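Report on the structure given below.
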Amino acid sequence: ADRLERFIMSSIRVVIDFSLYDHLAKLIHSFGAQQSRAEYSDRVTLEIQVRQSRVDALINDIVEISSGKAAIEKLT
């Protein structure tokens, strides 16, 4: 029988400059996270679901790629 794995997920909202979107998209993918909502203008606002055990590492990497300029909010 197939085993269904379930993970506790956390949601974060990230606002970054549009120029960093490609870097962030690759980062999201590398963490196995999912983008659930996006708004595009001169800045990009994303809601991202990621395993709770990986959320702090993802946030740290987002801070790093944005040189501390990303606005990040934990939603759940």
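Since the structure is predicted, the reported quantities are computational estimates derived from the model, not experimental observations.
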Among D61, V55, I62, I48, find the one that has a side chain to side chain contact (heavy atoms under 4.5 Å, CB included) with F31.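 Testing F31 for a side chain to side chain contact (heavy atoms under 4.5 Å, CB included) against D61, V55, I62, I48 leaves exactly one candidate, D61.
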
Between the CD atom in Q34 and the CD atom in Q49, the distance rounded to the nearest 0.5 Å is 8.0 Å

To the nearest 0.5 Å, atom NE2 of H23 lies from atom CG of D17 at 11.5 Å

Using a cut-off of 6.0 Å, state whether more than 12 heavy atoms not belonging to [X] lie near its atom [atom1].
X: Q35; atom1: CD; result: yes
X: I8; atom1: CD1; result: no
X: E64; atom1: CD; result: no

Please check if [X] and [Y] belong to a single hydrophobic cluster, counting links between Ile, Leu, Val, Met, Phe, Trp and Tyr side chain heavy atoms closer than 4.5 Å.
X: M9; Y: L27; value: no
X: V15; Y: I28; value: no
X: V63; Y: L20; value: yes
X: I72; Y: L46; value: yes

Please tell me if the side chains of L58 and R51 come closer than 4.5 Å, counting only heavy atoms from C-beta onward. no

Which atom names give the shortest non-hydrogen contact between K74 and I59, and what distance separates them? CE-CD1, 3.7 Å

Can you check whether S11's main-chain N or O pairs, donor with acceptor, with T76's side chain at less than 3.5 Å? yes

